[in-house]
Amino acid sequence: MQKKVYIESYGCQMNVNDSEVVAGILAKDGYTPVQSAEEADLVLLNTCSIREKAEYTVLQRINEMNNLKARNKDLKVGVLGCMAERMREDLLEKKKVVDLVVGPDAYRTLPELLEKVGTGQKAVNVLLSREETYGEIVPVRLDTNGVTAFVTIMRGCDNMCAFCVVPFTRGRERSRDPESIVAECRDLWARGYKEVTLLGQNVDSYTWREENGLRAAGHGPRADGALPAARGPQPEASATVDFADLLEMVALAVPGMRIRYSTSHPKDMTDKVLAVMARYDNICKYIHLPVQSGSSDVLKRMNRGYTREWYLDRIAAIRRHMPDCAISTDIIAGFCGETEEDHQQTLSMMGMVGYDMAFMFMYSERPKTLAARKYADDVPTEEKSRRLQEIIALQKELSAQRMAGYVGQVHEVLIEGVSKRSAEHLYGRNTQNAVVIVPRMHAATELMPGTFIRARITSSTSGSLQGDVLDMINEPLVVA
Ligand code: 5AD
Ligand code: SF4
């Protein structure tokens, strides 16, 4: 009998893709994905620990599972991802409804863990790995629009930003075999996908050494809870594939496919990557470059590895290579010791860069992190909130300015689906990752998701563009 699994993802794009990898692993074990928890034999919550609020949301959701279990005695509930890693057995003890706890590097063991759960026992595996990249696992695409897909190119993070829980929940950084990345992109293209986003916590430190198939140096085992060791010297290898090389390999392998990536790190972003981006039309002109703060003092305490000046130099380099490139960022308001002057520097940085878009957060202290151990969380909540509101208000203006600048231009847009607001309109994105809304009908033909069109941008808001369709560039590939 077919078993049914429902997977709910919280947090970042990497988590969304991990859920697809999990669905791929479970497919071999006879599970088909379903669209709601109510129809499932197994509910998996793929969780996020990045801020306290993210964890709170999931803890509430876990409680709701009690109602489902009351109705379906055979239902099993599992917690995956970053919270599984952070809370471990505690989750099983505190939340009786949970049967299974599996960390981000242990998904291959799901079939055996589920067997144990099937006999009425609880099961847990939160071992982190130095090698696991799920390289050859074929993800089962969940909730897909059939047009855009995520491809994970590396896992973990070695950066140790003082505020961040990720190195503790996702472990050491490791890169995936470039051949398997290219093969996955080719397969997606063959199945009609038109855009891939290459994912990693810090894509700029992607490294693959051909000779032994493993990243070099600084990758000793991590004692539980201990800080990962500082990255050691990277021995020169004969054939090393860096991120710029990988981007180029993918751009050449699937020339009709749009390529995006996330996330860059200002301390590691090279001109070589920018040159490759500029060289290939199918690499989107959009960079997500988290700044976190505009103050060099705060950046130092955050252990970000760059100053305000360094960051601005990287912005100048982007503009030099790609004058039309969009830039987005992440900003944290109210990090430990942040003064009003530091905050003003963040606002001035935002104005100088003129971000297209930003994700903006109040600082939330996370257990085990450098900041939690070393600094007092001393900016009062009301003050954090006021600063955040100022940052959000300024970004709204900046986004509106950037978007208004596109009005009158002709943009290539990849249609992704039907607009949420109007069934008569479709939405897609331009190379700069801005949402473009266009009429559904063009010259008596209905436009389909997966079509590239040229659109003249007619108006804008701070969140999207409206356009008129000029012509179609391709017909979507019909997939048997
Ligand atoms: N508090 C607030 N925001 C955080 N981020 C990461 N950790 C924290 C934290 N403890 C933000 C950063 C990061 C984004 C993914 O989430 O801006 O870039
Ligand atoms: Fe959340 Fe970070 Fe884990 Fe992604 S890697 S799920 S953002 S804690």
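All ligand and atom numbering here is 1-based and tracks the order in the structure. Please read all numbers here as calculations on a predicted model, not as lab measurements.
- Considering G11, S364, A372 only, the shortest heavy-atom separation from atom 1 (N) of ligand 1 involves S364.
- Residue contacts with ligand 1 for T369 are absent, since no atom lies close enough (heavy atoms, distance under 4.0 Å).
- Ligand 1 has a nitrogen or oxygen under 3.5 angstrom from a nitrogen or oxygen of Q292.
- For ligand 1 and R366, the ligand atoms under 4.0 Å from any heavy atom of the residue are 10 (N).
- Once rounded to the nearest 0.5 Å, the distance linking NZ of K267 with CG of N303 reads 9.0 Å.
- Looking at R155, its side chain does come within 3.5 Å of a backbone N or O of P104 through a donor-acceptor pair.
- The heavy atom nearest to atom 18 (O) of ligand 1, out of those in T329, D377, D330, is found in D330.
- Geometrically, ligand 1 and Y363 share no nitrogen or oxygen pair separated by less than 3.5 Å.
- When each of R429, K194, R258 is checked for a salt bridge (Lys or Arg N to Asp or Glu O under 4.0 Å) with E416, only R429 meets the rule.
- Every atom of ligand 1 with a heavy atom of I332 under 4.0 Å away is listed here by number and element: 3 (N), 4 (C), 5 (N), 12 (C), 17 (O).
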- Message: Walk me through whether L312 and R308 qualify under side chain to side chain contact (heavy atoms under 4.5 Å, CB included).
- Response: CA-CA 6 Å; L312 286 168; R308 177 183 174 90; 4.3 Å; yes

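- A salt bridge links R402 to D356: at least one charged side-chain nitrogen sits closer than 4.0 Å to a carboxylate oxygen.
- For the pair R51 and F361, the distance from NZ or CZ to the six-membered ring centre is under 6.0 Å and the angle to the ring normal is within 45 degrees.
- Of all the atoms in ligand 1, the ones that sit under 4.0 Å from a non-hydrogen atom of M362 are 1 (N), 2 (C).
- Looking at F163 against ligand 1, both its backbone and its side chain come within 4.0 Å, counting heavy atoms.
- Here OH of Y311 is found 9.0 Å from CD of Q292. Values are rounded to the nearest 0.5 Å.
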